[in-house]
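Each remark here refers to the structure printed beneath this line.
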Amino acid sequence: MRAVTLNSVPDAPVVADVPTPEPEAGEVLVKVAASSINGFDAATAAGYLQGAMEHRFPLVMGKDFAGTVEALGEGAEGFTVGQAVFGVVMKPFLGTGSLAQYVTVPAGYGIAPVPDGLSVPEAGALGLAGTAALNSLDTVAPAEGETVLISGATGGVGALAVQLAAARGVRVIATARPGAEGEFVTGLTGAEIHLVDHSGDLPAQVRALAPDGADAALHLAGDGVQLAGLLRTGGRLASTIGLTQEAVERPDVTVHAIMSDPNPRTLTALAARVVSGALRVPVTATYPLEQAARAFAAFGAGALGKLAVTCS
């Protein structure tokens with residue numbers, strides 16, 4: 001099969017021929033129709049996950065997937081051959097990812113049926129970013145009317161978090177440069193979004209909007225310590241990129257490190273939001289598998305929203 005691979009790290013991803021995987025006991029073999037690029041993939045290629053997870057080379061990249069069940073391993077239950085599914089590859093090692101024509105995933109975790117009304121590109125870009133956004137918001141648990149600062153609002157996780165936060169009646173302050181970035185973020189939802197330019201004096205801009213500090217923050221990009229300094233006493237911060245409580249010299253602020261949990265219930269809930277029109281998967285460009293290198297380059301250059309990859 002064709003797949004996006006790494007032969008070492010750090011290295012640039014290339015498309016190559018690798019053996020088609022076989023489902024082990026309890027696994028589902030999925031014929032992948034669509035996937036997407038995530039920060040996790042870029043971090044893998046850059047070598048940032050060395051020592052954190054086992055790497056098996058040639059390493060097939062990719063976390064998100066949408067496609068159809070091709071085969072079931074021994075004892076795999078809950079799915080049928082030909083069924084449309086989507087989700088996130090969740091294994092304790094790196095090497096059998098979803099930026100490929102086929103992927104194997106555990107039948108009990110990281111996979112859910114694709115409901116009617118959820119398109120293949122949407123399903124292939126929803127799993128990891130949607131879960132990270134929802135888990136982050138659930139962790140800081142903003143109440144209606146509270147102010148949440150979202151740093152990294154132009155990325156896939158941030159764009160979904162902006163929508164999910166606004167739907168809760170939360171006052172959203174989001175980072176975006178004036179122009180295309182700002183228009184992208186404010187166009188995500190009909191609710192009012194307050195923009196701050198992270199390339200300027202971010203603290204001054206945030207304080208102008210929230211003089212007593214924001215109630216909560218999502219650290220999806222940028223300086224997490226700086227964000228913590230913009231919270232009120234008792235503020236909560238969720239970080240998807242490794243900020244810890246120890247790094248923040250404010251005992252009056254609580255820092256939560258977020259590890260996405262794409263369990264079937266969460267995936268199903270996210271898909272239902274998209275189908276109902278309450279949530280939009282912000283796919284801004286789609287690339288064929290053979291042009292995955294272009295997709296990674298665009299991601300590295302700061303592309304807005306999600307970049308989808310068609311794999312079939």
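Because the structure is a prediction, the values reported are computed rather than measured. We count residues from 1, following the sequence as given.
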Exercise for the section: Verify, without hydrogens or angle tests, whether Thr175 (side chain) and Asp197 (backbone) share a donor-acceptor contact under 3.5 angstrom. Expected result: no
Donor-acceptor pairs under 3.5 Å, side chain of residues 289-302 to any protein atom, not counting sequence neighbours: which ones?
{"from": "Glu290", "atom 1": "OE1", "to": "Arg2", "atom 2": "NH2", "distance (Å)": "3.0"}
{"from": "Glu290", "atom 1": "OE2", "to": "Arg2", "atom 2": "NE", "distance (Å)": "2.9"}
{"from": "Glu290", "atom 1": "OE2", "to": "Arg2", "atom 2": "NH2", "distance (Å)": "3.4"}
{"from": "Gln291", "atom 1": "OE1", "to": "Arg294", "atom 2": "NH1", "distance (Å)": "2.5"}

Handout entry: Working for side chain to side chain contact (heavy atoms under 4.5 Å, CB included), residues Leu218 and Leu227
Key = CA-CA 9 Å; Leu218 303 189; Leu227 293 179; over 6 Å; no
Practice task
Measure the CG-CG distance between Asn135 and Asp261 for me, rounded to the nearest 0.5 Å.
Solution key: 6.0 Å
Practice task
Keeping the roles fixed (side chain from Asn38, backbone from Asp41), state whether a donor-acceptor pair exists under 3.5 Å.
Solution key: no
Handout entry: Any pair counted as side chain to side chain donor-acceptor pair (under 3.5 Å), so long as it reaches residues 145-164, sequence neighbours left out
Key = Glu146-Arg236, Thr147-Arg171
Exercise for the section: Report yes if the side chains of Val9 and Phe57 come closer than 4.5 Å at any heavy-atom pair, otherwise no. Expected result: yes
Fill in the blank from the handout: Interatomic distance, CG@Leu59 vs OG@Ser8, rounded to 0.5 Å, equals 10.0 Å
Practice task
State whether the number of non-hydrogen atoms from other residues, nucleotides or ligands found under 6.0 Å of Asp116 atom CG is greater than 12.
Solution key: no
Completion exercise
Those residues at least two apart in sequence (or on a different chain) that pass salt bridge (charged side-chain N to carboxylate O under 4.0 Å, His left out) with Lys91 are Glu27
Handout entry: 4.5 Å side-chain heavy-atom contact, Thr104 and Val30
Key = no
Problem - Nearest-0.5 Å distance that lies between atom OG1 in Thr20 and atom CD in Gln101 - result: 7.5 Å
Handout entry: Donor-acceptor pair, side chain of Gln245 and main chain of Val253, under 3.5 angstrom
Key = yes
Handout entry: Considering all heavy atoms, the nearest Pro262-Leu267 contact
Key = O-CD1, 3.5 Å
Handout entry: Verify same cluster id: Ile258, Val157 (apolar side-chain graph, 4.5 Å)
Key = no
Handout entry: Residues Thr96, Val103; criterion side chain to side chain contact (heavy atoms under 4.5 Å, CB included); working and verdict
Key = CA-CA 7 Å; Thr96 56; Val103 68; 5.6 Å; no
Handout entry: Short side-chain to backbone donor-acceptor contact, Arg250 and Leu231, under 3.5 Å
Key = yes
Exercise for the section: Calculate, to the nearest 0.5 Å, the distance between atoms CG and CG belonging to Asp212 and Leu230 respectively. Expected result: 13.0 Å
Could you pull out all donor-acceptor pairs under 3.5 Å where a side-chain atom in residues 118-128 meets a protein atom, sequence neighbours excluded?
{"from": "Ser119", "atom 1": "OG", "to": "Glu122", "atom 2": "N", "distance (Å)": "3.3"}
{"from": "Ser119", "atom 1": "OG", "to": "Glu122", "atom 2": "OE1", "distance (Å)": "3.1"}
{"from": "Glu122", "atom 1": "OE1", "to": "Ser119", "atom 2": "N", "distance (Å)": "3.0"}

Practice task
Mind listing the closest non-hydrogen atom pair of His198 and Ala176 along with its distance?
Solution key: CD2-N, 3.9 Å
Practice task
Find out if a path of hydrophobic residues (ILVMFWY) with successive side-chain heavy-atom gaps under 4.5 Å connects Ile241 to Leu149.
Solution key: no
Problem - Point-to-point distance, once rounded to the nearest 0.5 Å, from CG of Asp215 to CZ of Arg232 - result: 4.5 Å
Handout entry: Which residues share a side chain to side chain contact (heavy atoms under 4.5 Å, CB included) with Arg56, sequence neighbours left out
Key = Glu54, Phe93
Problem - Charged N-O contact under 4.0 Å between Asp138 and Arg168 - result: yes
Problem - Beyond-backbone contact of Val14 with Thr5, side-chain heavy atoms, under 4.5 angstrom - result: yes
List, one per line, each side-chain donor-acceptor pair under 3.5 Å for residues 184-195, sequence neighbours excluded.
{"from": "Thr186", "atom 1": "OG1", "to": "Gly182", "atom 2": "O", "distance (Å)": "2.9"}
{"from": "Thr186", "atom 1": "OG1", "to": "Glu183", "atom 2": "O", "distance (Å)": "3.3"}
{"from": "Thr189", "atom 1": "OG1", "to": "Ala191", "atom 2": "N", "distance (Å)": "3.1"}

Completion exercise
What one should report as the nearest heavy-atom pair of Ala112 and Thr268 is CB-OG1, 3.9 Å
Practice task
Could you tell me which non-hydrogen atom of Arg207 sits nearest to which non-hydrogen atom of Gly229, and how far apart they are?
Solution key: NH2-O, 2.7 Å
Fill in the blank from the handout: Taken to the nearest 0.5 Å, the spacing of Ser260 OG from Phe40 CZ works out to 10.0 Å
